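Report on one structure; see the data block that follows.
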Amino acid sequence: MAKTETNVSCVPFLPTKFTLDDWHLNNQFRYRCSEGQRELSDRLLTEATLACESAKEIVNTNKEETDHRLLEKINDVEFREKELLRIRKNSVLEIDALSVYKERFTDVLKSVKRNYLAICEKCLIAREGRLGIDLVHDDVERNLLKEREVIQESENLLDRILKKICEQIRKLKATLYHIDRDLENKEINLRIDRRNLTLRETDFNLSIYHGTSPLDKQGVMLNEWERQTNDNVVSANKEVNSAKQLRSYIDTIIMQTINNLNRQKDVTNEAFRQRIEQTREAKTKLELQHSEVIKQVTAMSNKITHIKKSIADKEGYMALAYTRLGHRYQRPGIELTQDLVEANLVKEIHELRNVAANLQQMFCEAEASLRNLLKTQIQLEEDINVKTNTLKIDEVECMTLRQSIDYHAY
């Protein structure tokens, strides 16, 4: 049985025979299939060509549009950068200018505090050293007190303005900080977009992102970006304008302050001048009086000496008259008569007594007058010393100090 199966498998398979019609039909079918494939291929070639050209046009258009937008963005950023640089320059100039004004104000304030107010205080303290009647509340003292008040008011005003200057410098530096941060960001932005503008599709190391969402979901909106720079420029312009107005105001304040101080200084100096002139005139009159009193003391002393001598002389005449009268009382008997000699001696004694009494009264009055003259001399000398002390304080000490007062705008 197995042998029979082996023989069957060894019998060759006879090919199928086709008819001539089958052969023609097959050829026509192959021809039509070939024609259809060629037509499809031609159509695909045409469509592929059109698709490639269209894709190329779209890609080029998109790239050109992107390049154009990049260039516009670069120009926009460069314009804003120039604006920021311009306002930054103005801010720096204003900071420098205000710093100079700050130094000026500091110098003025130091001069007012350390020099002028100190001089005024020293003058007030020195004038407390006046003596006696010269320790008066005069125009000089009133003007010195007024000058101290003006200086203190000027000091307070300058101190407030100095604080405003420091605050304005701080505000300018704050705006400068924001501008610098904005400029730094703009520079990075320009560097990135300029590099993007130079990139070509044929460059190496290009990266491909296959996603569809934005690379940075936290991007800032365009209006926010524009508003930030605009706010920086507007804020900086505002502070620069404020700084310019402040500097103009500072110039006005300095001039007004210096004028007020100089005006009060001149008034006080004029009061000193008049008071010194009055004191010197009073001292001169007192010195003249003192000279006359000394002359009068000398004359009175001489007169007292003369009166004393005259009184002494009259005592001799009185003794002579009494001696004569005593001798005549020794006449004997009838010779003791009341004759003209006796009457004349009695008259002489009486008149001598009157003369001596008058001279004694004159002597007492002369001595009293001399004592009063000497007392007046001492009082005049004391008053002259008082006036000398006052002149020393006002003319030498105070006016020498006040010569160093020099108010100027720095």
Side-chain angles (χ1 to χ4, degrees), residues 37-98 168-245:
Q37 289 297 324
R38 285 193 308 104
E39 289 176 0
L40 178 60
S41 178
D42 289 339
R43 186 171 67 252
L44 288 175
L45 287 173
T46 302
E47 290 177 357
T49 301
L50 292 175
C52 288
E53 291 177 354
S54 176
K56 181 179 179 180
E57 183 178 355
I58 291 172
V59 169
N60 289 334
T61 301
N62 288 335
K63 183 179 181 300
E64 289 175 359
E65 179 68 19
T66 301
D67 289 345
H68 177 70
R69 295 301 179 187
L70 275 173
L71 188 59
E72 282 185 342
K73 183 65 174 181
I74 289 171
N75 291 334
D76 188 15
V77 174
E78 287 178 343
F79 172 77
R80 293 176 182 276
E81 186 182 39
K82 288 180 181 178
E83 283 296 303
L84 289 171
L85 287 172
R86 180 186 62 81
I87 195 63
R88 185 187 188 282
K89 179 181 178 182
N90 293 338
S91 298
V92 170
L93 290 176
E94 281 304 319
I95 290 174
D96 293 339
L98 277 180
Q168 189 60 43
I169 290 175
R170 186 196 66 77
K171 289 181 179 180
L172 283 170
K173 288 183 177 180
T175 58
L176 192 63
Y177 171 81
H178 292 297
I179 288 173
D180 286 340
R181 299 291 76 74
D182 201 357
L183 281 171
E184 183 179 350
N185 293 334
K186 293 287 185 294
E187 185 60 33
I188 295 173
N189 191 354
L190 284 174
R191 187 163 63 248
I192 292 172
D193 281 350
R194 285 169 180 165
R195 182 172 179 274
N196 283 334
L197 190 61
T198 60
L199 288 175
R200 296 293 180 267
E201 66 278 4
T202 57
D203 292 341
F204 294 103
N205 298 326
L206 297 180
S207 60
I208 296 178
Y209 177 65
H210 298 286
T212 58
S213 60
L215 292 175
D216 186 3
K217 295 182 180 180
Q218 298 180 354
V220 179
M221 299 299 293
L222 182 60
N223 58 347
E224 295 179 7
W225 176 80
E226 292 175 346
R227 185 169 61 250
Q228 181 187 15
T229 300
N230 291 339
D231 289 345
N232 286 337
V233 172
V234 170
S235 177
N237 274 323
K238 177 183 176 182
E239 298 304 332
V240 167
N241 291 332
S242 297
K244 289 180 179 179
Q245 293 175 1

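Just so it is clear, the structure is predicted and the values come from calculations on it, not from any experiment.
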Side chain to side chain contact (heavy atoms under 4.5 Å, CB included) assessment of Lys89 paired with Leu85: CA-CA 6 Å; Lys89 179 181 178 182; Leu85 287 172; over 6 Å; no

Thr46 vs Arg43, side chain to side chain contact (heavy atoms under 4.5 Å, CB included): CA-CA, chis, key distance, verdict: CA-CA 5 Å; Thr46 302; Arg43 186 171 67 252; 5.7 Å; no

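Atom CG of Asn90 is separated from atom CG of Leu176 by 11.5 Å, given to the nearest 0.5 angstrom. Note that the OG atom of Ser235 and the CD1 atom of Ile179 stand 7.5 Å from one another [nearest 0.5 Å]. Considering CG of Asp182 and OH of Tyr177, their distance stands at 12.0 Å, rounded to 0.5 Å. How far CG of Leu98 is from CD1 of Ile169: 5.0 Å, rounded to the nearest 0.5 Å. Here Glu64 contributes atom CD and Asn60 contributes atom CG; the two are 6.0 Å apart, rounded to the nearest 0.5 Å. A distance of 9.0 Å separates NZ of Lys244 from CG of Leu93, quoted to the nearest 0.5 Å.
Smallest separation of non-hydrogen atoms from Glu78 and Leu190: CG-CD2, 3.7 Å. In terms of heavy atoms, Leu197 sits closest to Asp67 at CD1-O, 3.6 Å. Val77 and Asn189 get closest at one heavy-atom pair: CG2-ND2, 3.9 Å.
The existence of a salt bridge linking Glu53 and Lys56 is excluded, since no basic side-chain nitrogen approaches an acidic carboxylate oxygen closer than 4.0 Å. One finds a salt bridge joining Glu72 and Arg69 here, because a Lys/Arg side-chain nitrogen approaches an Asp/Glu carboxylate oxygen to under 4.0 Å.
No side-chain heavy atom of Ile192 sits under 4.5 Å from any side-chain heavy atom of Arg195. Residues Ser91 and Glu239 have side chains not in contact (no heavy-atom distance under 4.5 Å, counting atoms from C-beta outward). At least one side-chain heavy atom of Asn230 sits under 4.5 Å from a side-chain heavy atom of Arg80. In this structure, Asn232 and Thr175 have side chains that are not in contact, with every pair of non-hydrogen atoms separated by 4.5 Å or more.
Asn75 places a side-chain N or O within donor-acceptor distance of the main-chain N or O of Leu71, the cut-off being under 3.5 Å.
At a cut-off of 3.5 Å, with distance as the only test, a side-chain donor of Thr229 or Lys186 sits close to an acceptor on the other residue.
Residue-environment remark: CD (Glu57) stays at or below the threshold of 12 foreign heavy atoms within 6.0 Å. Around the NZ atom of Lys63, the shell of radius 6.0 Å holds more than 12 heavy atoms that belong to other residues, nucleotides or ligands.
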